[in-house]
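Okay, here's the structure, questions in a sec.
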Amino acid sequence: MDGSGDIQAGQPLLEVEAATIQYESEAAVVVAIHQVSFSVRKGERFVILGRSGCGKSTLLKAIGGYLTPVEGRITLHGKPIGSAGPDRMVVWQDPDQLLPWKTVRQNVVYPLTLTGVSKAEANERADAFIAMVDLTRAADQYPHQLSGGMKMRVAVARGLAMKPAVLLMDEPFAALDALTRHRMQDELLRLQAETGATVVFVTHDIAEACKLATRILVLSPHPGQVKANLDVGRFASREALADAVGSLIHDAGARA
Amino acid sequence: MSGPEHFIVEKVEAPAGARILKPIPWWVQFKNNGMVRRVFVVLAIFLVWELAARQANSPLLLPSVGDTLKALVASFKAGDMGIVSYIGESLKSLLAGFVLGTIIAAILTVFAVNTRIGEDFLSTVTSAFAPLPAVAIFPLALMWFGISWTSVVFITTWATVFPVAVAMFQGFRGVSQTLRFVGRNFGLSGFRHTVSILIPAALPSIMTGLRSGISNAFRALVALEMVIGAATGAGGLGWFVMAEKQNLEIPTVFAGILAIMAVGLAFEGLFAVIEQRTVRRWGMLH
């Protein structure tokens, strides 16, 4: 069923099995995600799509290891995920996710050295990924000297340079202006093709989902549940996909 | 003037290769330099002082600028008996209290950040002691430690702890969840997370706290030295001023006050330089 067909075909990389996630507000315990299951294969661009309040970011945080499901399990390479770690690098929505006291290059090098990569190799790899996001000229600048889009590109470079099992992206382009957002989407497609990275991408933007995804998981809100799990390859055209996703989202909203 | 108006941005160097429309004349640059303007203010104050002194014509009440500066230079040259040794004594008391106070503040902050009761303790204690000048607990120090250097260090420590602890705590509190998550994403936790992520991220507040801690401690110290300087054996600048007053060496009294101001300003300057090279350079403080 999956076209990529390498050794791990049929063997999912990341599996979420009947995960239920609750959070505590001041007055009540609320179910954010209810019995959600899906699996992500190597090299996929897996988009989790839903309206605000459907728990999609919560789900991503659980995969990242920042939250623990009350039921169900999440496995990576068949093993339960531990707490947050560099095998699941995250690109957050907040543009201020770079360490302000480090230059662009240091921001990419630092996490590499923490995982035991030698200084020389870390520098080399950082420069390669900074070049890949077209920021070589800004490598010695501090984050506050960069635009929002540039900061996002550094965050993507930092994530990819770590060669994580899966790159998690939490509405990374939502804070950017429309032009920059479209450029970043194109750039992400190019980077993903070049690196073959597995990406789990959360968004509320149907067009963005249709443009980026190889697979779309549509969540319905209150509590977040799987509405549909679509293989993008089965749709004849982008328009057909967008129509189908649009009506699913509309449906999910109306029922809530 | 015709043509488009230009706008002024603060402290931006012309990027290499930028087309320069016109250079800014040197006297305008001079006028726009804050340091230059401040030197002018100081000179103006000295001028008013000098005129007032000549008008009053009473060296015992208001010595002239010239006499004061002469007394200052003479005292600097006087070696062991002079002002330099008193400055040294003040700095010793100040730094001892400041370092000790900062360590205690750090410990309090660790408790406040990690436990709810620690937070309650810190916020209650700081709001209770905030209106109390540090010298006000001097009678207690006197009872517990007598007239001794220990009492002096106790007061400067006390004066340091609360401003530093409050600022540190607020600094840690203010670190964004995103940066905390980023640190955990790198696999950092516990002590390494604190040192590598939280402390640098909280540095702007920490610097502000250290700055107000040392100036608070210095103010308390000078006041205290005026009361017990000689008796503790740790004379210090406060005592220097009081002693010279008793000797009716009034120009030297004024010189001593100038020296107290200079020491305070020197610390301000030191912190300004550190901030310029760290948090301002990183765009964490504007």
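Sequence lines set the chain letters: A, B, ... in the order given, protein chains first and strands last, and positions in each chain run from 1.
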- prompt: So how far is it from A/T103 OG1 to B/W282 CH2, rounded to the nearest 0.5 Å?
  reply: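 Rounded to the nearest 0.5 Å, the OG1-CH2 separation comes out at 11.5 Å.
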
message: Can you tell me which portion of B/L188 sits under 4.5 Å from chain A's heavy atoms? Options are side chain, backbone, both or neither.
response: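 Just its side chain gets close to chain A.
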
message: At a 4.5 Å cut-off on heavy atoms, which part of B/R281 comes close to chain A: side chain, backbone, both, or neither?
response: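 Contact with chain A involves both backbone and side-chain atoms of B/R281.
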
- prompt: Which region of A/D96, side chain (C-beta onward) or backbone (N, CA, C, O), has a non-hydrogen atom less than 4.5 Å from a non-hydrogen atom of chain B, or is it both or neither?
  reply: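 Only the backbone of A/D96 comes within 4.5 Å of chain B.
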
task: Pick one of side chain, backbone, both or neither for B/S196, based on which atoms fall under 4.5 Å of a heavy atom in chain A.
output: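 Its backbone and side chain both get close to chain A.
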
Segment of A/L112 engaging chain B (4.5 angstrom heavy-atom cut-off):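 For A/L112, neither part sits under 4.5 Å from chain B.
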
- request: Using a cut-off of 6.0 Å, state whether more than 12 heavy atoms not belonging to B/I117 lie near its atom CD1.
  value: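 No, CD1 of B/I117 has 12 or fewer neighbouring heavy atoms, counting only those of other groups under 6.0 Å.
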
- prompt: For chain B, which of A/P164, A/G65, A/P86 has the most heavy-atom pairs under 4.5 Å?
  reply: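 Most heavy-atom pairs within the cutoff with chain B belong to A/P86.
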
message: Only pairs of heavy atoms separated by less than 4.5 Å count here; which of A/Q145, A/M162, A/H144 has the most with chain B?
response: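 Heavy-atom pairs under 4.5 Å are most numerous for A/H144.
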
- prompt: Checking heavy atoms, do the side chain of A/R158, its backbone, both or neither come under 4.5 Å from chain B?
  reply: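 A/R158 touches chain B through side-chain heavy atoms alone.
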
query: If you draw a 6.0 Å radius around CG in A/D134, do more than 12 non-hydrogen atoms from other residues or ligands fall strictly inside?
result: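 It does not: A/D134 CG has 12 such atoms or fewer within range.
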
query: How many angstroms lie between CH2 in A/W101 and OG1 in B/T278, if you round to the nearest 0.5 Å?
result: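 The CH2 atom of A/W101 sits 12.0 Å away from the OG1 atom of B/T278.
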
Exceeds 12 heavy-atom contacts within 6.0 angstrom, atom OH of A/Y23: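 Atom OH in A/Y23 is not crowded, with 12 or fewer foreign heavy atoms closer than 6.0 Å.
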
- prompt: Is there side-chain contact between B/R192 and A/L114, with at least one heavy-atom pair below 4.5 Å?
  reply: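 Answer yes - side chains close enough.
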
field: Ring geometry between A/Y110 and B/F186 (parallel below 30°, tilted from 30 to 60°, perpendicular above 60°)
entry: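 Rings of B/F186 and A/Y110: perpendicular, as their planes differ by over 60°.
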
Top of B/A201, B/G183, B/S176 for chain A proximity - count of heavy-atom pairs under 4.5 angstrom: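 Most pairs with chain A among the choices: B/A201.
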
task: Taking all heavy atoms of B/N185 and all of A/R88, pick out the closest pair and write down the distance.
output: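 That closest heavy-atom pairing would be ND2-O, 3.0 Å.
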
- request: Answer with side chain, backbone, both or neither: which region of A/K61 has an atom nearer than 4.5 Å to a non-hydrogen atom of chain B?
  value: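 The side chain, not the backbone.
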
task: Under 4.5 Å, counting heavy-atom pairs only, tell me which of A/G82, A/S83, A/P143, A/G85 racks up the most with chain B.
output: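 Heavy-atom pair counts peak at A/G85.
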
query: Can you find a pair of side-chain heavy atoms, one from B/V182 and one from A/W92, that are under 4.5 Å apart?
result: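 SC-SC contact between B/V182 and A/W92 confirmed.
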
query: Would one find more than 12 heavy atoms of other residues, nucleotides or ligands at under 6.0 Å from atom CD of A/E194?
result: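 Above 12, so yes.
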
- prompt: Heavy-atom distance under 4.5 Å between the side chains of A/P100 and B/L179, does that happen here?
  reply: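 A side-chain contact under 4.5 Å exists here.
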
